[in-house]
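Note sheet for the following structure.
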Amino acid sequence: MSNTRRPLVAGNWKMHGSRAENSALLEAMTGQLDKLQAEVLVCPPFVYLAEIAGRLAGSRIAVGAQSLCAESTGAFTGEVSAAMLKDIGCQYVLVGHSERRSLFHEDNELVARKFVAAQSQGLIPVLCVGESLAQRQSEQTFDVIRAQLDAVLALAGIAAFARAIVAYEPVWAIGTGLTATPEQAQAVHAFIRKHLGTQDAQIADGLRILYGGSVKGSNAAELFAMADVDGGLVGGASLKAAEFLQICAAAG
Ligand code: PEP
């Protein structure tokens with residue numbers, strides 16, 4: 001973690017929760033973050049976003065969506081546009097989460113279009129990148145991540161990364177209980193920063209790169225201690241207030 005980049009911890013609630021559960025979770029976090037420096041973000045399912053954005057308006061906790069449509073308006077049944085997310089008070093949106101890529105067939109080009117769509121409405125995209133276990137075992141990690149970044153660079157340009165977050169989420173670590181070691185995470189984070197730095201060193205230096213993949217209260221501090229790890233994208237553990245708060249505290 002650096003002195004210059006403000007840490008960020010984002011909770012991806014995935015398809016979990018109910019109005020009652022969400023309310024209890026947020027209630028348990030109220031007033032608990034005041035002394036922390038880290039920025040904190042929650043990403044609830046679409047249907048709860050407006051209610052939660054209203055409840056958290058002006059609070060210590062920012063609100064993001066888990067996905068969005070690449071198109072701006074029209075006949076796209078079931079989809080939600082960037083303008084709609086902005087309209088109801090979202091500030092962030094995840095793009096290219098590995099579950100979107102693998103289960104919903106979102107390729108690098110579509111992810112890049114979603115990234116651009118988000119920024120077109122002033123939302124901050126959290127661009128998720130990461131390799132599968134097979135790709136890591138065949139030493140393709142850097143190639144995969146380079147291609148994921150390059151698709152966005154080609155469409156959005158390096159300047160767009162001044163208004164974005166990147167999350168490194170090894171697919172083999174998401175929801176599996178397996179966590180990258182701090183050294184494994186640092187190696188990929190440094191690679192991401194170096195790769196973007198070839199285009200603009202200042203933007204790369206200011207970019208916040210989160211680690212995601214089975215972050216827990218017990219391992220967050222050692223991950224966040226690494227020089228290029230600027231916080232976490234947290235799935236399962238973000239549904240338990242005490243544990244999520246512990247992770248936020250580890251970010252500082
Ligand atoms: C995620 O959903 O992005 C994630 C990292 O999940 P988990 O923390 O449960 O591995």
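Read the numbers this way: they start at 1 and go in the same order the structure lists the ligands and their atoms. Atoms considered below: every heavy atom in the structure, side chains included; atoms not considered: hydrogens, waters and symmetry mates.
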By number and element, which atoms of ligand 1 are closer than 4.0 Å to a non-hydrogen atom of Ser214? 7 (P), 8 (O), 10 (O)

Could you say whether the N/O atoms of Thr176 and ligand 1 ever approach to under 3.5 Å? no

Which residue holds the protein heavy atom closest to atom 9 (O) of ligand 1, what is that atom called, and what is the gap in Å? Gly236 N, 2.9 Å

Spell out, as yes or no, whether a donor-acceptor pair under 3.5 Å connects the side chain of Ser23 to the backbone of Arg19. no

For the 3.5 Å polar cut-off, considering only N or O atoms, please tell me whether Gly235 and ligand 1 meet it. yes

Does a side-chain N-to-carboxylate-O contact under 4.0 Å join Lys216 and Glu243? no

Give the ring-plane orientation class for Phe115 versus Phe161, where under 30° counts as parallel, over 60° as perpendicular and anything between as tilted. tilted

Where the side chain of Arg101 meets the backbone of Gly96, is there a donor-acceptor pair that is under 3.5 Å apart? yes

For ligand 1, which atoms, with element, lie under 4.0 Å from some heavy atom of Gly213? 5 (C), 10 (O)

Under 4.0 Å from a heavy atom of Leu233: which atoms of ligand 1 are those, numbered in the order shown and with their elements? 3 (O), 5 (C)

Minimum non-hydrogen distance to atom 1 (C) of ligand 1, winning option of His97, Glu99, Lys216: His97

In plain terms, say whether Arg100 and Glu106 are close enough for a salt bridge, that is, a side-chain N and a carboxylate O under 4.0 Å apart. yes

For atom 2 (O) of ligand 1, find the nearest protein heavy atom and state the residue, atom name and distance (0.1 Å precision). Lys14 CE, 2.6 Å

Ala173, portion touching ligand 1 at heavy-atom distance under 4.0 Å: backbone

So, Asp230 and Arg6, do they make that salt bridge, N to O below 4.0 Å? no

How far is atom 5 (C) of ligand 1 from its nearest protein heavy atom, and which residue and atom name does that atom have? Glu169 OE2, 3.0 Å

For Ala173, does its backbone N or O pair with a side-chain atom of Ser214 as donor and acceptor, under 3.5 Å? yes

Would you check whether Gly175 reaches within less than 4.0 Å of ligand 1, judged by its heavy atoms? yes

Sidechain-backbone polar pair: Gln119 side chain, Arg163 backbone, donor-acceptor under 3.5 Å: yes

Relative to ligand 1, is Ile174 under 4.0 angstrom through side chain, backbone, both or neither, heavy atoms considered? both

